[in-house]
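Following: one structure in structure tokens, then a few remarks.
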Amino acid sequence: VQLQASGGGLVQAGGSLRLSCAASGGRTFSGYTMSWFRQAPGKEREFVLGIRWSGGITSYADSVKGRFTISRDHAKNTVYLQMNSLKPEDTAVYYCAADYVPGALTISTVARSYDFWGQGTQVTVSS
């Protein structure tokens with residue numbers, strides 16, 4: 001499985017960005033959890049939000065609830081991260097990740113659980 005993240009950039013506080021994660025290399029992504037993590041300079045990589053490819057179960061970090069939304073497009077094999085009301089503390093490199101866990105009803109927030117990673121895209125929010 002290959003993941004290609006895109007859509008990062010520089011935005012002012014209060015603005016919006018949409019990140020995309022295009023998945024390829026799998027016949028189907030049923031059974032996968034697709035998540036976004038982020039890593040700010042000097043900090044550990046942290047879970048942002050995730051979605052089950054089949055069924056649509058989602059999980060959000062408290063810090064982004066009400067501001068960020070995750071969705072997926074089955075036809076395009078793409079997961080989206082819509083980020084609204086951005087804050088300077090959202091500045092980080094954002095990574096998409098995939099975890100093959102067929103039948104799972106929960107979403108792991110632990111980075112080492114994920115087997116596949118995209119290359120990361122920089123999001124910078126200016127104050």
Inset, instruction - Provide the full list of side-chain hydrogen bond (donor to acceptor under 3.5 Å, both in side chains) pairs with a residue in residues 101-110, sequence neighbours left out, each pair given once. - result: Ser108-Ser113
Contacts table for residues 117-127: side-chain donor-acceptor under 3.5 angstrom, sequence neighbours left out:
residue: Trp117; atom: NE1; partner: Tyr114; partner atom: O; Å: 3.2
residue: Gln119; atom: OE1; partner: Ala5; partner atom: N; Å: 3.1
residue: Gln119; atom: NE2; partner: Ala5; partner atom: O; Å: 2.7
residue: Thr121; atom: OG1; partner: Gly8; partner atom: N; Å: 3.1
residue: Gln122; atom: NE2; partner: Ala92; partner atom: O; Å: 3.4
residue: Gln122; atom: NE2; partner: Thr124; partner atom: OG1; Å: 3.3

Just how far is it from atom [atom1] of [X] to atom [atom2] of [Y], taken to the nearest 0.5 Å?
| X | Y | atom1 | atom2 | answer |
| --- | --- | --- | --- | --- |
| Thr69 | Leu49 | OG1 | CG | 8.0 Å |
| Ser20 | Leu3 | OG | CG | 12.5 Å |
| Ser24 | Gln2 | OG | CD | 4.5 Å |

Legend entry - Pairs involving residues 59-92, ordered by first then second residue, that meet ring-ring contact (aromatic ring centres under 6.0 Å, His included) (sequence neighbours left out): Trp53-His74
Inset, instruction - Please identify each residue that fulfils ring-ring contact (aromatic ring centres under 6.0 Å, His included) with Phe47, with sequence neighbours left out. - result: Phe37
Legend entry - Polar side-chain atom of Arg72 near backbone of Val79 as donor-acceptor pair, under 3.5 Å: no
Legend entry - Selection residues 105-123 - residue pairs positive for salt bridge (charged side-chain N to carboxylate O under 4.0 Å, His left out), sequence neighbours left out: none
Write out all pairs satisfying disulfide bond (SG atoms under 2.5 Å apart) with one or both partners inside [range], taking only residues at least two apart or from two chains.
| range | answer |
| --- | --- |
| residues 34-87 | none |
| residues 41-77 | none |
| residues 35-72 | none |

Inset, instruction - Establish whether Val93 and Val64 are linked, either directly or via other cluster members, by ILVMFWY side-chain heavy-atom contacts under 4.5 Å. - result: no
Inset, instruction - Can you see which heavy atom on Trp36 is nearest to which on Cys21, and at what distance? - result: CZ2-CB, 3.5 Å
Legend entry - Closest non-hydrogen atom pair, Ile107 against Ile57: CD1-O, 3.4 Å
Legend entry - Qualifying residues under salt bridge (charged side-chain N to carboxylate O under 4.0 Å, His left out), relative to Lys43, sequence neighbours excluded: none
Legend entry - Residues that Ser16 engages under side chain to side chain contact (heavy atoms under 4.5 Å, CB included), provided they are two or more places apart: Gln82, Asn84
Legend entry - Which residues share a side chain to side chain contact (heavy atoms under 4.5 Å, CB included) with Ser30, sequence neighbours left out: Thr28, Ser54
Donor-acceptor list for residues 94-102 side chains, cut-off 3.5 Å, not counting sequence neighbours:
residue: Tyr94; atom: OH; partner: Arg38; partner atom: NH1; Å: 2.9
residue: Tyr94; atom: OH; partner: Asp90; partner atom: O; Å: 2.6

Inset, instruction - Among Ile70, Ile51, Thr78, find the residue that satisfies the side chain to side chain contact (heavy atoms under 4.5 Å, CB included) test when tested with Met34. - result: Ile51
Inset, instruction - Mind running side chain to side chain donor-acceptor pair (under 3.5 Å) on Thr33 and Arg52 for me, showing each step along the way? - result: CA-CA 4 Å; Thr33 292; Arg52 290 288 295 164; 2.9 Å; yes
